[in-house]
Each structure stands twice: as structure tokens, then as C-alpha cells.
Amino acid sequence: MARWGLVIDLDRCTACQACVVACKHENNVPFSTPATAAAGRLMTWIQLVAVETPSHGAPTALPLMCQQCDRPPCTDVCPTSATYLNPEGIVAQIYPRCIGCRYCTNACPYAVKLFNWHTPEWPESMAPLKNPDVSVRPKGVVEKCTFCHHRLMRAREQARADGRELSSEDYVPACVQTCPAEAMVFGDLDDPNSEVAVLAASSRAFRWMEELGTRPKVVYLREGE
Amino acid sequence: MRRALLFTGVACIAAIGSSLILPAAPVTQVLAFNHAKHAALTCAGCHAGIQTTQRAGFPSPAVCAKCHATAPASVAPAAWEQLQTSGVRFWKPVTRLPEHVMFSHRRHVALARLACASCHADIGERTAPPARMPRRLVMNTCLACHRAEGASEDCAGCHR
Ligand code: SF4
Ligand code: SF4
């Protein structure tokens with residue numbers, strides 16, 4: 001079984017934020033106002049945060065989404081198993097199970113789990129543009145990046161209909177598909193011949209806050225000084 | 001105070017219980033379609049897309065007109081004419097899943113070769129449109145089949 005992972009090359013990323021827009025559109029993530037953002041309630045599954053990367057002095061814009069930890073602290077604390085590590089390494093959110101206790105949002109060291117404080121709303125003109133493969137999360141549940149898991153389900157169905165095995169090219173999350181700088185690569189980390197596995201083993205690779213032992217499956221690349 | 005609490009508790013239990021036990025609101029169709037009379041046709045003949053897409057389609061008035069050049073005996077000619085000229089899809093779905101459930105007809109019908117009756121029960125033999133879904137579908141209905149067939153039981157596979 002595949003273990004899906006994402007490599008982000010910070011030397012290529014131009015911080016254009018196309019990935020942020022693509023994710024919002026793909027996953028029916030509602031807009032936030034400056035007021036909600038100021039209150040710390042910004043809804044976005046991916047955002048660029050300014051960080052100091054190891055062995056690189058200048059601040060870097062780091063596209064940060066759920067790191068799909070192999071040892072996720074967030075799932076350990078969920079009292080209802082609404083969030084769990086699935087067999088392919090994706091940390092899933094099952095919204096109707098979530099009781100909104102927000103234990104997981106506090107346990108996640110990357111602060112990428114978002115609580116729906118409000119019923120999501122869109123401008124009327126955008127109402128028909130929602131992605132039917134992704135549910136609209138109600139007020140009171142927690143959500144986050146799922147590596148566009150619905151795209152995996154579609155890709156697997158298409159591969160079966162074509163009578164062939166699923167290949168890494170079939171399943172690409174929206175951010176990876178959109179990145180104009182081609183700074184993102186997605187695939188099976190357990191396949192030693194995959195591009196992600198090769199890149200993840202390169203000397204430029206590091207994982208964000210890996211010292212916590214969360215074993216993220218998002219891998220960043222950055223040339224040292 | 002205790003009485004009020006007791007009353008609230010009973011009211012809550014009754015509300016939750018009834019929402020679980022009682023089926024969804026009944027559905028009335030514009031036409032009294034008789035499935036049994038159309039048994040010679042295949043399901044996909046009218047419900048286009050069940051083999052190729054996620055959603056099962058309902059036939060447009062033009063699909064009915066392929067066989068029915070004039071109004072069927074049970075339908076008033078004026079009403080038939082109006083449905084034909086308006087061109088709107090007038091059928092209302094009776095089998096509905098919650099918003100958070102992802103069900104693909106192609107995956108189940110074309111790829112897993114599941115019979116329509118597995119979920120839609122005897123709809124094909126009904127002489128009048130059912131007001132409610134002919135088989136009550138709950139998560140265990142799906143899981144029982146998934147377990148028996150060795151299909152995925154990963155929550156995220158069906159809950160979008
Ligand atoms: S990054 Fe946070 S939300 Fe994602 S798996 Fe790790 S702990 Fe959970
Ligand atoms: S907020 Fe929801 S997903 Fe998070 S720990 Fe509580 S029940 Fe689980």
C-alpha cells in the first residue's frame with residue numbers, strides 16, 4: 001500500500017500563493033474577513049508562513065499545511081476517532097463524528113487544524129462552483145488538509161475502470177497541480193523509484209519541526225549555506 | 001428545577017429517537033410512474049450514467065418521448081404536453097444519502113457489479129412511485145456488504 005507524501009522545494013517556491021487559492025477552491029474552504037483573521041480564525045488549509053529554515057539565515061516563506069504526520073499527536077487525543085491515520089498515511093477528518101472539542105487543534109504542533117466557528121458562507125455567484133466531491137463542513141467541526149483525498153478516490157476508480165494499476169501520476173493534489181514554479185512533487189514515499197522518495201532522501205531535505213518526533217510526510221528542500 | 005431538567009431530558013431523547021426512527025419526509029412525484037410496466041427496459045436505459053458517473057441520472061422528458069410519442073394512458077394529454085415542452089427534469093429522488101457520504105454509482109454498479117436491487121430493493125417491481133426509499137440505508141447496510149466483499153472499510157473512503 002502506498003504511503004503518500006509531498007515534497008516542497010523552497011529553492012523553487014516563489015511564494016506566489018497559487019497553491020493557497022487552488023486549495024481553497026478545491027476543498028470548499030470558505031473566505032475569511034480581515035476581522036476573522038485578526039481573531040485568529042482564518043480559514044485556510046495551507047498558508048505561507050515566514051520561518052527561519054535550518055542552516056539558512058534569511059527568513060523563508062514556508063507553505064504550511066497538515067504535515068500528515070506518521071506519528072500524529074492530533075489523532076492520539078481525539079475522543080471520538082473522528083481524526084485518525086488511515087492505512088495510506090493520510091490523516092483523515094470524519095466530520096460527522098467530530099464533536100468539536102478542539103483537543104486536536106491544540107495537540108497539533110503545526111497549528112494547521114481549523115475549527116469552524118461559523119456556518120461557512122460564499123458570495124451568491126460562487127455558490128454553484130463548489131466541489132461536489134468535498135463536503136461543506138458545518139459549524140462546530142474541525143477541518144484541515146487531507147492531501148485532496150477525494151482525488152485519490154476518483155483516481156483509483158478511473159484506474160479500475162481502465163483496467164490498470166493506480167500510478168503516482170493519477171493522483172495529484174490541487175496545490176501540486178497548480179504550482180506554476182513546479183516546486184511541489186507528490187507521490188508514494190515507499191516506492192524507492194518515485195520522485196518524492198528520491199527527493200526526500202536528498203541532502204537538501206528536511207522536515208519541519210521534525211525534532212518533535214511527529215514524522216511528517218511533507219518534506220521541504222532547501223540548499224544549505 | 002428538577003422537573004424542568006427531567007422534561008428537557010425526555011424531550012431531547014424523544015427528538016433524537018424520532019429523528020433516527022422516522023424516515024425522511026415523503027416524496028410525491030409529478031407522474032405516477034409504474035416501474036413494473038417498464039420491466040423490459042434496463043435500468044441504465046432511463047437512469048443514464050449509473051455505469052459511468054457518480055450520480056444516477058433521472059430521465060428527461062425527451063427520454064420518455066423516445067417511446068411515448070403521445071401521452072401515456074394514465075397521464076392527461078395537456079399535462080404531458082406541458083412536461084414535454086418545458087423540458088424540465090421533474091423526478092424527485094427518493095433514495096438520498098447524507099451530504100457527507102460519497103457514493104459513486106460507477107464504482108458500485110460498473111466496477112463492483114452490484115445489482116441495483118441491493119440498495120434500491122424492489123423499486124423495479126413497484127407499480128407506483130414509492131413515497132420513501134424502498135430500502136432503508138444506514139451505515140451498517142454499506143459496511144455489511146463491504147465486509148463480505150472485502151472492500152475498503154476506511155472511513156475516509158466514503159465520508160467526504
Ligand atoms: S500536522 Fe497537525 S493535524 Fe496534521 S497530522 Fe500532524 S498533528 Fe495532525
Ligand atoms: S475536535 Fe473533532 S476531530 Fe478534533 S479531537 Fe475533538 S472530536 Fe476529534
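We use all heavy atoms of the structure for the numbers below, so side chains are in, but hydrogens, waters and symmetry mates are not. No experiment lies behind these values; they were computed from the predicted model shown. All chains are named by letter (A, B, ...) in the order of the sequence lines, taking the proteins before the strands, and each is independently numbered beginning at 1.
The neighbour count for B:Phe103 CZ, taken as heavy atoms of other residues, nucleotides or ligands under 6.0 Å away, is above 12. By the neighbour-count criterion of 12 heavy atoms within 6.0 Å, atom NZ of B:Lys92 is densely surrounded, having more than that number from other residues, nucleotides or ligands. Counting heavy-atom neighbours within 6.0 Å of A:Met209 CE, excluding the residue itself, gives a total above 12. Within 6.0 Å of the CZ atom in B:Arg113, the count of heavy atoms belonging to other residues, nucleotides or ligands does not exceed 12. The neighbour count for A:Glu121 CD, taken as heavy atoms of other residues, nucleotides or ligands under 6.0 Å away, does not exceed 12.
Heavy atoms of A:His150 lying under 4.5 Å from chain B are absent altogether.
Most heavy-atom pairs under 4.5 Å with chain B: of the set A:Ser81, A:Pro138, A:Ala92, A:Pro132, this distinction falls to A:Pro132. Contact count against chain B (heavy-atom pairs under 4.5 Å) is highest for A:Val136 among A:Leu152, A:Ile90, A:Val136.
Annotation: the span from B:Arg107 atom CZ to A:Gln158 atom CD amounts to 11.0 Å, rounded to 0.5 Å. Atom CZ in A:Arg156 sits 13.5 Å away from atom OG in B:Ser104 (nearest 0.5 Å). The structure places NE2 of B:His100 at 11.5 Å from CZ of A:Arg97, a figure rounded to the nearest 0.5 Å.
Residues of residues 59-81 of chain B lying under 4.5 angstrom from chain A, judged on non-hydrogen atoms, do not exist. Close approach to chain A, defined as a heavy atom under 4.5 Å from one of its heavy atoms, is seen in B:Asp154, B:Cys155, B:Ala156, B:Gly157, B:His159, B:Arg160 of residues 153-160 of chain B, taken by number.
With a 4.5 Å cut-off on side-chain heavy atoms, B:Arg106 and A:Glu157 count as touching.
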